[in-house]
Number of protein chains: 2
Amino acid sequence: MILYKEKKYVCLLDFAMEFIRGKWKAVILCHLYKEPKRFLELQRVTKGISQKVLNEKLKELESDEIITKIVYAEIPPKVEYHLTEKGKELTKIIKEFENWAVKYYPYLENDCK
Amino acid sequence: MILYKEKKYVCLLDFAMEFIRGKWKAVILCHLYKEPKRFLELQRVTKGISQKVLNEKLKELESDEIITKIVYAEIPPKVEYHLTEKGKELTKIIKEFENWAVKYYPYLENDCK
DNA sequence: CAGCATCCAGTGGGATACTG
DNA sequence: CAGTATCCCACTGGATGCTG
């Protein structure tokens, strides 16, 4: 049993999966893989996500040190989200899931690029 | 947008992640990696899972062709769950998450073997 | 031994409106 | 542009008891 930040995990894998739990985190990370993105850009490409949830997930990813947030002191505000090294390695693994799906479900199109 | 079995997915990755969504599926698959297991065995090693949820997840994994179920005609009943080839490949990726966690959180013990 | 039926609680996420 | 604040619903999973 692992205790981390007030939460319980039955094993290390359970703990590891926590970083990408839910419908959106993996998708967000993939969108940040090639290059950093701004908030609105991210919302646009992550089709279907609500502003509220995007914000929540970005906060969680930041506090987990998977991404970093860069705020430019401009008006209107400009914010960029980048993957950390730790986040890049995680995202590489996530992309393997995508490849797995491509292999076993080749007829499903992949518009998530 | 992908439609599959009455459900909607925003992209292929979202679809791929569906196979291991929730707290338990990844853990279960890892436990089946080395060798097939019986129901009770699986419940014992997957510490904390309820019988109901284990059953639900096994059914989902079976209908997704990630595992196969072998029923021996004995009394008392004997059932074994095996990974398919598709499932093995998926589980290999899952194990990389574990390695990622070991790398970045080396001080957390790993009792999930 | 393996698995089904209920009932219930917590939470992840949707919709909408507002702000520095 | 990049958030916050509410309100609400659906779904995942927990607890317990029963059965071929």
Side-chain angles (χ1 to χ4, degrees), chain A residues 1 5-11 13-14 17-29 31-32 36-64 67-82, chain B residues 1 5-11 13-14 17-29 31-32 36-64 67-82:
Chain A
M1 243 273 292
K5 288 187 180 175
E6 315 280 296
K7 285 194 177 183
K8 290 180 187 178
Y9 302 96
V10 294
C11 61
L13 178 60
D14 179 25
M17 299 301 294
E18 176 76 11
F19 292 94
I20 53 162
R21 204 151 283 171
K23 187 182 178 66
W24 295 110
K25 280 185 179 175
V27 179
I28 294 169
L29 291 178
H31 284 312
L32 291 177
K37 284 199 169 60
R38 302 178 62 174
F39 186 89
L40 210 69
E41 233 177 320
L42 209 43
Q43 195 186 11
R44 206 172 35 74
V45 293
T46 313
K47 285 160 197 144
I49 197 170
S50 70
Q51 212 164 14
K52 180 197 135 197
V53 173
L54 181 55
N55 252 295
E56 282 171 5
K57 297 308 147 188
L58 288 171
K59 273 193 183 172
E60 291 170 22
L61 290 168
E62 199 194 350
S63 93
D64 289 337
I67 63 173
T68 47
K69 174 177 173 175
I70 302 181
V71 181
Y72 297 88
E74 304 176 1
I75 289 180
K78 176 177 171 179
V79 177
E80 267 182 3
Y81 293 93
H82 299 244
Chain B
M1 243 275 292
K5 290 188 181 176
E6 314 281 296
K7 285 193 173 182
K8 289 179 185 177
Y9 302 95
V10 294
C11 60
L13 179 59
D14 179 24
M17 299 301 294
E18 176 76 10
F19 292 93
I20 51 162
R21 204 151 283 167
K23 186 183 180 65
W24 296 109
K25 280 187 179 174
V27 180
I28 294 169
L29 292 178
H31 283 313
L32 291 177
K37 284 199 170 60
R38 302 177 62 173
F39 187 88
L40 210 70
E41 233 178 320
L42 209 43
Q43 194 186 9
R44 206 172 35 74
V45 294
T46 312
K47 285 158 197 146
I49 197 171
S50 71
Q51 213 165 15
K52 181 196 135 199
V53 173
L54 180 53
N55 250 297
E56 282 172 8
K57 298 309 149 186
L58 288 172
K59 271 194 183 171
E60 290 168 25
L61 290 168
E62 197 193 350
S63 95
D64 288 337
I67 62 173
T68 47
K69 172 179 172 174
I70 301 183
V71 182
Y72 297 87
E74 303 176 3
I75 288 178
K78 175 176 170 179
V79 177
E80 268 183 2
Y81 294 93
H82 299 243

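Hydrogens, waters and symmetry mates play no part in the numbers below; they use all other heavy atoms, side chains included. In what follows, every chain begins at residue 1, and chains take the letters A, B, ... in the order their sequences are listed.
- OP1 or OP2 of C/dC4 lies within a sub-4.0 Å distance of a side-chain N or O belonging to B/Asn55.
- At the phosphate of C/dA2, OP1 or OP2 sits under 4.0 Å from a side-chain N or O atom of B/Arg38.
- B/Trp24 places its CH2 atom 16 Å from the P atom of D/dT12, with the value rounded to the nearest Å.
- Residues A/Phe39 and A/Leu58 meet the side-chain proximity criterion, which asks for heavy atoms closer than 4.5 Å.
- Ranking D/dC1, C/dG13, C/dC1 by closeness to the A/Pro77 side chain, first place goes to D/dC1.
- A straight line from CG of B/Asp14 to C1' of C/dG14 spans 15 Å, rounded to a whole angstrom.
- A/Glu41 places none of its side-chain heavy atoms less than 4.5 Å from the side chain of A/Val45.
- When the local axes at the two ends of the helix from C/dC1-D/dG20 to C/dG20-D/dC1 are compared, using 5 base pairs at each end, they differ in direction by 50° after rounding to 10°.
- Screening B/Ile28, B/Ile67, B/Thr46, B/Leu29 for a side-chain contact (heavy atoms from CB on, under 4.5 Å) with B/Lys57, the sole residue that qualifies is B/Ile28.
- For the pair A/Gln43 CD and C/dA15 C1', the interatomic distance rounds to 13 Å; values are reported in whole Å.
- A salt bridge links B/Lys5 with B/Asp64: the closest approach of a Lys/Arg side-chain nitrogen to an acidic carboxylate oxygen falls below 4.0 angstrom.
- Between A/Leu40 and B/Val53, the residue anchored closer to the 5' end of DNA chain D is A/Leu40, taking for each the nucleotide with the nearest heavy atom.
- Rounded to an integer number of Å, the gap from NZ of B/Lys25 to C1' of D/dG13 is 13 Å.
- One interatomic measurement links the two molecules: CG of A/Leu54 to P of C/dG13, which rounds to 12 Å at whole-angstrom precision.
- Between the C1' atom of C/dA2 and the CD atom of B/Glu62 lies a distance of 13 Å, rounded to the nearest Å.
- Taking every side-chain heavy atom of B/Lys52 into account, C/dC7 is the closest of C/dC7, C/dG14, C/dG3.
- Dashed line: the shortest gap from a side-chain N or O of A/Lys69 to OP1 or OP2 of D/dG3 is under 4.0 Å.
- Judged purely by atom type and a 3.5 angstrom limit, A/Ser63 uses its side chain to pair as donor or acceptor with the backbone of A/Glu60.
- For the atom pair NZ (A/Lys69) and CD (A/Glu80), the distance works out to 12.5 Å, reported to the nearest 0.5 Å.
- Heavy-atom nearest nucleotides on DNA chain D were determined for B/Gln51 and for B/Lys57, and the one closer to the 5' end corresponds to B/Lys57.
- Here the P atom of nucleotide C/dG13 and the NZ atom of B/Lys8 are 17 Å apart, to the nearest Å.
- If you check every strand for non-hydrogen atoms under 4.0 Å, B/Arg21 touches nothing.
- Side chain of A/Val79, nearest nucleotide from D/dG3, D/dT12, C/dA2: D/dG3.
- Looking at which nucleotide of DNA chain C each of A/Gly22 and B/Glu80 is closest to, the 5′-most match is held by B/Glu80.
- Taking atom CD of A/Glu56 as the reference point, atom C1' of C/dA15 lies 13 Å away to the nearest angstrom.
- Atom NZ of A/Lys23 and atom CD1 of A/Ile20 lie 14.0 Å apart (nearest 0.5 Å).
- Counting non-hydrogen atoms under 4.0 angstrom, A/Tyr72 reaches nothing in the nucleic acid.
- Salt-bridge formation is detected for the pair B/Arg21/B/Glu18: a Lys NZ or Arg NE/NH1/NH2 atom is positioned less than 4.0 Å from an Asp or Glu carboxylate oxygen.
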